[in-house]
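Note that the structure is a prediction, hence the values are computed from the model and not measured.
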Amino acid sequence: YGQDARRRRSIYHEQGTLLRRLGHFQEAARVFENSVNESSTDVDGSLQASIELARCHLLTGKVGLARKTLEAARADGASAGVELESHCLRAEIALQVGDLTKGIEFAKRSVEGAVRLGDRVAETNGRLVHGQLLLALGRLDEAYSEFREAKQLATSILLWSSQAEAQLGL
């Protein structure tokens, strides 16, 4: 896997992420499609690009296409962090299509993996989606607990970030 291909994939990722954040979901999807094609021999890069492409599809209401994109992505051999992101997005998709039981499975995997890795941002995202799924199932006490945990994690992340910025003089 050559240095130029890695550089192109990185550029596609940055460009696509910026377009998505600006709300240009269709344009971002085209960029991430290029990234998927560019990353065919790089498992992490390919799965990450597929996750971003699926996220764009989800944001434009193309839930079925988002699901197909993730199902077609190679996950075997991917790093734990990229795999966590895949589980969380699969849980979101399952919530959108009403497959709540499957969504719960993916959300639990996402939260458990995030805790194992110490990834508080991924844990926050996983708990938020898990809470939404539990709420949709009418399991209110459990949903409340997940939302409370997610809020506490998000608050601690923001506090840490503010402290770090202050120390760096930003």
**Prompt:** What pairs with Arg67 under side chain to side chain donor-acceptor pair (under 3.5 Å), at least two apart in sequence or on another chain?
**Reply:**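 Asp99.
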**Request:** For Arg148, enumerate each residue passing the side chain to side chain donor-acceptor pair (under 3.5 Å) test, keeping only those at least two apart in sequence or located in another chain.
**Result:**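 For Arg148 there are no side chain to side chain donor-acceptor pair (under 3.5 Å) partners, ignoring immediate neighbours.
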**Request:** Output yes when a side-chain donor or acceptor of Ser145 lies under 3.5 Å from a complementary backbone atom of Asp141, and no otherwise.
**Result:**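 No: the side chain of Ser145 does not pair with the backbone of Asp141.
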**Prompt:** Would you say the side-chain atoms of Thr60 pair up with the backbone N or O of Cys56, donor to acceptor, closer than 3.5 Å?
**Reply:**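 The answer is yes, because a donor-acceptor pair under 3.5 Å joins these two groups.
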**Request:** Could you walk me through whether His24 and Arg20 pass the side-chain contact (heavy atoms from CB on, under 4.5 Å) test, one step at a time?
**Result:** CA-CA 5 Å; His24 302 287; Arg20 180 177 44 81; over 6 Å; no
**Request:** Begin with the C-alpha distance, continue with both residues' side-chain angles, and end with the deciding distance and a verdict on side chain to side chain donor-acceptor pair (under 3.5 Å) for Arg90 and Ser86.
**Result:** CA-CA 6 Å; Arg90 288 174 197 265; Ser86 170; 3.0 Å; yes
Nearest 0.5 angstrom please: [X] [atom1] to [Y] [atom2], how far?
X      : Y      : atom1 : atom2 : result
Asn34  : Gln15  : CG    : CD    : 8.5 Å
Leu133 : Glu142 : CG    : CD    : 11.5 Å
Leu84  : Leu89  : CG    : CG    : 12.5 Å

Contact summary for [X] and [Y], nearest pair of heavy atoms:
X      : Y      : value
Gly131 : Ala143 : O-CB, 3.5 Å
Ser35  : Ala49  : OG-CB, 3.5 Å
Ser110 : Gly126 : OG-CA, 3.9 Å
Thr69  : Ser50  : CG2-O, 3.5 Å

Co-members of [X] in a cluster of I, L, V, M, F, W and Y side chains, linked at under 4.5 Å:
X     : answer
Leu59 : Phe25
Val31 : Tyr12, Leu19
Leu18 : Leu22

Is it the case that one hydrophobic cluster holds both [X] and [Y], taking links as side-chain heavy atoms less than 4.5 Å apart, direct or via other members?
X      : Y      : value
Leu153 : Leu135 : no
Leu95  : Ile104 : yes
Leu47  : Leu58  : yes
Val97  : Ile51  : yes

So do [Y] and [X] actually touch side chain to side chain, heavy atoms under 4.5 Å?
X      : Y      : result
Phe32  : Thr17  : yes
Glu83  : His87  : yes
Lys151 : Thr155 : yes
Leu134 : Leu140 : no

For residues 115-124, tabulate all N or O donor-acceptor pairs below 3.5 Å that involve a side-chain atom, not counting sequence neighbours.
residue	atom	partner	partner atom	Å
Asp119	OD1	Val121	N	3.2
Asp119	OD1	Ala122	N	2.9
Arg120	NH1	Ser156	OG	3.3
Glu123	OE2	Arg127	NE	2.9
Glu123	OE2	Arg127	NH2	3.1
Thr124	OG1	Arg120	O	2.7

**Message:** I'd like to know if Glu52 and Arg55 make a salt bridge, using a cut-off of under 4.0 Å between side-chain N and carboxylate O.
**Reply:**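 Salt bridge between Glu52 and Arg55, a charged N being under 4.0 Å from a carboxylate O: yes.
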**Asked** Please walk me through it: do Leu53 and Glu33 pass side-chain contact (heavy atoms from CB on, under 4.5 Å)?
**Response** CA-CA 7 Å; Leu53 178 57; Glu33 283 174 2; 3.7 Å; yes
